[in-house]
Amino acid sequence: MEFIAKSNMLIKFTEVYIIKFAHLQINRMEYNFREIEQKWQQHWAEHKTYKALDNSDKSKYYVLDMFPYPSGAGLHVGHPLGYIASDIMARYKRHKGFNVLHPMGYDSFGLPAEQYAIQTGQHPAITTEQNIKRYREQLDKIGFSFDWDREVRTSDPNYYKWTQWIFIQLFNSWYNPESDKAEPIETLIKKFKNLSPNSSQNGEGNNSSLNIPEILKNKRWNELSEKEQSDILMEYRLAYLSEAYVNWCPALGTVLANDEVKDGVSERGGHPVERKLMKQWSLRITAYAERLLKGLDIIDWSESIKEAQRNWIGRSEGTSLKFEIDGYNAEVEVFTTRPDTIFGVSYLTLAPEHELVEKITTPEQKEKVEAYITYAKNRSERERQADVKKVTGEFTGAYAIQPFTGKQIPIWVGDYVLAGYGTGAVMAVPAHDSRDYAFAKTFNLPILQVVEGGDISKEAYDTKEGKIINSDFLNGLEVKDAIKAAIAEIEKRGIGKGKINYRLRDAVFGRQRYWGEPIPIYYDNEIPKAVDEKHLPIILPEVDKYLPTEDGDPPLARASEKWKYQGKYDYEFTTMPGWAGSSWHFLRYMDPKNEKEFVSKKAAEYWKEIDLYIGGAEHATGHLLYFRFWTKFLKDLGYISIEEPAKKLINQGMIQGTSAIIYRVNGTNKIVSAGLKNKYDAVAIHIDVNLVDNSIVNIEELKKWRDDFANAEFELENGKLICHHEVEKMSKRWFNVVTPDSICEKYGADTLRLYEMFLGPLEQHKPWNTNGITGVHNFLKKLWRLFHSENGISNEAASKAELKALHKCIKKVNEDIERFSFNTSVSNFMICVNELSDLKCNKREILEPLIVLISPYAPHIAEELWSKLGHTESIEYVTYPVHNEAYLTEDNFNYPVSFNGKMRFNIELPITLSPKEVEEAALSAPEAQKWLEGKTPKKVIVVPKKIVNIVV
RNA sequence: GCGGGCGUGGCGAAAUUGGUAGACGCACUAGACUUAGGAUCUAGCGCUUCACGGCAUGGGGGUUCGAGUCCCUCCGCCCGCACCA
């Protein structure tokens with residue numbers, strides 16, 4: 001008895017032991033991503049695995065992300081999408097033997113930190129620092145291969161010192177239209193000094209495109225006062241101070257650049273924007289309009305971005321033309337693209353802001369015109385844009401002289417003419433321009449047809465086709481030829497000339513804000529001067545409040561009395577806009593610690609331009625235009641040698657949120673499953689998406705999430721509470737924010753990386769949906785299992801089938817990466833691992849290259865498995881596998897043969913056959929013979945490797 | 001209005017130059033192994049038909065032996081610019 005009991009116990013004991021042991025073994029085999037990822041992230045940081053070398057014989061590859069603004073909300077799952085793609089590229093290129101520059105930084109000046117500072121009084125530098133810390137933690141969890149030693153922050157004085165320095169270079173430069181590049185302002189001064197007064201009209205520079213200021217036609221440069229000289233140079237400097245109409249946003253208390261205004265409201269915050277005449281610092285980006293346009297042809301950017309920039313630059317060829325004003329010693333200059341319709345002009349229209357309006361308005365019309373101007377000024381941009389159809393205007397009482405007929409034509413004021421474009425005045429040809437037509441119809445002005453075609457009693461005929469009529473010397477010409485003839489005649493008479501106009505405006509550069517780079521300018525007797533370079537950086541001073549002063553001066557005016565240049569001169573009080581620091585960050589990464597230069601010549605020569613730039617398309621007409629502009633400028637001054645900053649640009653799509661919605665029966669505390677909601681009068685409630693798994697709500701978690709659900713009654717479907725989904729912007733407001741941290745915690749960084757790529761094409765907008773993530777997670781588990789079979793790793797030679805599975809994958813993945821199709825490569829990994837699993841492959845010969853192949857996508861698991869295979873060096877330094885065509889083609893393919901869609905069969909042929917032999921074999925196959933029955937084939941089409949068609 | 005992009009199963013999506021449309025994944029169905037599984041494995045899964053087959057890439061037309069892919073046209077969606085003379 002005792003013995004039996006004992007042996008039973010022994011058996012039991014053994015069983016328990018075996019189970020325990022098995023359990024241990026399973027544990028050892030399990031894919032423990034948390035442990036692995038932490039281990040390798042630490043390893044990479046300690047060993048500086050991803051350090052980019054400044055001196056290398058290797059070819060360089062520069063892959064850059066648009067750096068983030070570190071907001072308080074932290075990263076959500078949409079932010080890293082582009083970073084993951086660029087990281088894959090960086091790792092792939094390292095495997096391919098490139099010296100890769102893959103840095104990251106922070107665009108850390110900006111509005112939100114300042115708004116927060118205004119509310120709380122906390123210095124923006126502190127919140128920014130906290131946010132950066134949080135960002136870094138989040139980024140580190142995803143396992144990026146950034147070279148963090150090269151980190152830059154735009155709000156760091158060591159960085160903005162050089163932003164200020166570049167501003168000074170802009171201030172000290174002008175654009176020479178003759179050499180077609182920026183030059184030091186001294187070369188312009190020299191030109192002015194050499195001018196001899198009174199002869200300048202037909203002097204040496206007669207045909208030059210350089211406009212000589214009026215005053216120099218009577219006086220020598222040296223005779224001018226310092227103030228006069230300064231004022232003249234301001235008209236040429238690339239960074240200049242001028243009085244101009246700007247987009248003023250009262251709510252934000254600052255001016256905004258055109259690209260920061262959308263539909264008449266501020267892009268940030270959506271506050272109304274009005275036009276205001278202000279003295280402002282601007283950058284003369286218009287000087288670069290033509291080069292910015294031309295450069296688009298040589299860069300590999302998406303068509304939509306290039307079109308957006310072309311649109312924004314808005315080149316249009318036409319003619320400037322002067323009309324004398326009857327009874328005044330004055331002229332109105334207009335710009336037109338249709339000089340061929342000059343004989344159809346029935347009136348001129350001036351913009352309400354036009355300087356001549358006041359001068360030429362007759363006493364009888366004065367009251368009306370003034371009332372109109374007041375009305376036009378008080379209309380906000382938004383109102384004006386909203387009712388474009390509403391035609392308004394007023395007659396000035398003055399008349400202009402049609403230069404060819406000598407006839408009087410009335411001059412009107414109308415706000416459909418924009419002050420900022422062309423000359424702010426148009427010659428109105430109602431018959432051939434729909435806007436002039438609407439105006440003429442409203443105010444009963446004559447409509448004279450001068451181009452044949454259309455029905456001008458109904459609408460304007462604005463097509464640029466047809467014969468010119470009623471037009472003296474232009475009669476009978478086609479529109480195209482008439483334009484040329486008209487320009488020639490206009491130029492001959494000296495009343496105008498051919499001209500190219502751009503829609504692009506100079507970029508307003510000053511912001512009435514605190515949290516930005518101080519503009520390195522001081523005022524000496526009201527004359528703005530650049531601070532000496534050796535005094536840079538001008539450190540952002542401390543202020544008591546981050547608000548404008550009572551006098552309406554910007555916050556910097558609050559700085560203490562000691563904040564003066566050289567102890568006596570006032571500084572400029574506005575700061576630079578957000579896009580200043582981001583306009584050159586790509587250069588600083590090349591040489592981030594340099595204290596003597598913004599970038600050394602040597603580093604700039606080696607790294608040249610960005611090979612791949614990844615970021616959002618929302619910067620199309622902002623950052624992406626400005627950083628091209630600064631690049632061209634710095635090239636002109638000889639500091640760098642590239643004309644375009646980024647060879648290739650990819651705009652990653654936005655990841656939207658998938659909101660979860662449940663239904664509560666109105667007036668009760670009863671929650672019903674989505675399928676049952678139509679039975680009731682139910683209201684939709686957004687709930688936290690993290691409480692939901694595959695549309696099934698975790699009721700226990702829901703009850704904890706919000707008090708009102710704790711005691712709710714639930715009506716379920718098959719025991720489950722199902723929710724509905726809606727695609728919305730990812731935002732706290734909709735409880736649909738998913739953070740990368742939560743995904744890393746649950747599935748690991750490698751799964752996150754793979755899944756973000758797997759979600760769909762990189763450039764496409766797509767909603768985040770965690771449902772499919774188990775698929776890629778399972779793939780990693782399966783991959784892990786391949787390396788942990790019962791028999792361990794075998795050194796046996798691989799079979800044909802195994803080799804084929806591997807090499808097919810290598811080929812496809814290489815192709816996928818080269819064409820930035822990251823989503824398909826994830827599928828290709830899955831196919832390969834499935835095939836190898838089916839083959840129970842545990843061979844080193846296969847698994848080693850496989851893991852290298854996957855490592856750019858899933859670096860942590862790759863490093864772990866690589867070290868398990870006995871390697872001590874990081875997988876990052878291993879050469880990327882190359883596919884072997886032989887493994888792909890050795891066995892037989894099937895060749896289907898089809899005829900006219902009527903009949904189809906497959907025959908098996910060896911791959912080794914030439915196309916000719918394939919053709920012969922196809923024709924002699926029994927199926928083909930039977931079908932042909934003596935007919936002679938007219939055409940045999942052999943498509944390599946795929947299909948043979950026989951046509952009779 | 002002008003310009004750019006897109007339209008493929010229940011869902012995310014593949015299809016490199018025109019060449020067996022729907023790879024891969026999710027969801028779903030059935031089964032195996034399990035005390036159990038939210039683990040793993042096997043099979044099925046565009047529509048239609050009992051089946052052979054037929055029909056399918058927004059609609060219509062064209063080119064071609066062959067069209068998701070090229071051309072024309074219409075419809076729908078997204079994005080950018082918008083009184084730019």
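Residue numbers start from 1 in every chain, and the chains themselves are labelled A, B, ... in the order their sequence lines are given, proteins ahead of strands. Just so we're clear, the structure is a prediction, and the values are computed from it rather than from any experiment.
Contact of the R505(A) side chain with the Y421(A) side chain is registered, since non-hydrogen atoms from C-beta on lie closer than 4.5 Å. In this structure the side chain of W301(A) never reaches within 4.5 angstrom of the side chain of K648(A), judged on heavy atoms.
Proximity of K781(A) to the phosphate of rU40(B): a side-chain N or O atom is located under 4.0 Å from OP1 or OP2. The side chain of Y416(A) places no N or O atom within less than 4.0 Å of a non-bridging phosphate oxygen (OP1 or OP2) of rA85(B). Taking side-chain N and O atoms only, N823(A) has a distance below 4.0 Å to OP1 or OP2 of rA14(B). Phosphate contact (OP1/OP2 of rG12(B), side-chain N/O of Q764(A), threshold under 4.0 Å): absent. A sub-4.0 Å separation between OP1 or OP2 of rA85(B) and a side-chain N or O of S316(A) is present. Contact check, N778(A) against rA39(B): no side-chain N or O comes under 4.0 Å of OP1 or OP2.
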Verdict with supporting geometry, E303(A) and R310(A), salt bridge (charged side-chain N to carboxylate O under 4.0 Å, His left out)
CA-CA 10 Å; E303(A) 219 30 63; R310(A) 284 191 192 109; 3.5 Å; yes
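Atom CG of N311(A) and atom P of rC79(B) are 16 Å apart (whole Å). Atom pair H765(A):NE2 and rC79(B):P shows a separation of 8 Å (rounding to whole Å applied). A straight line from OH of Y421(A) to P of rC83(B) spans 12 Å, rounded to a whole angstrom. Rounded to whole Å, atom P of rC79(B) lies 16 Å from atom NZ of K766(A). One interatomic measurement links the two molecules: NE2 of H432(A) to P of rA85(B), which rounds to 17 Å at whole-angstrom precision. One can place NZ of K499(A) at 13 Å from C1' of rA85(B), the figure rounded to the nearest angstrom. For M757(A) and rA13(B), the CE to P distance is 14 Å, given to the nearest whole Å. We find that NZ of K306(A) is positioned 23 Å from P of rC79(B), with the value rounded to whole Å.
Residue contacts shown for K811(A) are absent, as no nucleic acid heavy atom lies under 4.0 Å away. Counting any heavy atom pair closer than 4.0 Å across all strands shown, N501(A) reaches no nucleic acid atom. Counting any heavy atom pair closer than 4.0 Å across all strands shown, S827(A) reaches a base atom. Residue P767(A) is out of contact with every strand shown, counting any heavy-atom pair closer than 4.0 Å. Residue-level contact check: V417(A) touches the bases, meaning some heavy atom is under 4.0 Å from a base atom. Heavy atoms of R310(A) sit nowhere under 4.0 angstrom from any nucleic acid atom. Among the heavy atoms of the strands lying under 4.0 Å from D838(A) are primed sugar atoms or P, OP1, OP2 only; no base atom is included.
The side chain of T774(A) lies closest to rC26(B), out of rG25(B), rA15(B), rC26(B). Closest approach to the E303(A) side chain among rA27(B), rG4(B), rC41(B) is made by rG4(B) (side chain taken as heavy atoms from C-beta onward). You'll find that the side chain of K812(A) is closest to rU16(B), out of rU16(B), rG4(B), rG25(B). Listed candidates were rC81(B), rU40(B), rU16(B). Nearest to the side chain of R785(A) is rU40(B). Looking at the side chain of N771(A), the nearest of the listed nucleotides rA85(B), rC24(B), rC26(B) is rC26(B). Listed nucleotides: rA15(B), rG25(B), rG5(B). Nearest to the side chain of M830(A): rG25(B). Proximity note for R503(A) (side chain, C-beta onward) versus rA82(B), rC26(B), rG25(B): the nearest is rA82(B).
For Y416(A) (side chain) and A351(A) (main-chain N/O), no donor-acceptor pair under 3.5 Å exists by modelled atom type. R315(A) places no side-chain N or O within donor-acceptor distance of the main-chain N or O of L293(A), the cut-off being under 3.5 Å.
Annotated as syn: rG9(B), whose glycosidic dihedral is within 90° of 0.
Nucleotide rC77(B) has rG5(B) as its partner under the Watson-Crick or G-U criteria, with both atom distances under 3.5 Å. Across the strands present, rC83(B) finds no partner; the criterion is a Watson-Crick or G-U wobble pair with both atom distances under 3.5 angstrom. Across all strands shown, rA36(B) has no partner, as no Watson-Crick or G-U wobble contact with both distances under 3.5 Å is found. The partner of rC47(B) is rG54(B), judged by Watson-Crick or G-U wobble contacts that both fall below 3.5 Å.
A pairwise comparison of heavy atoms in S320(A) and E333(A) identifies CB-OE2, 3.3 Å as the closest pair.
Across rC74(B) and rA85(B), the matching C1' atoms stand 33 Å from one another, rounded to whole Å.
Counted by atom type alone, S821(A) and T824(A) present one or more donor-acceptor pairs between their side chains at under 3.5 Å.
Between E815(A) and K811(A) there is a salt bridge, since at least one side-chain N of the basic residue sits less than 4.0 Å from a carboxylate O of the acidic one.
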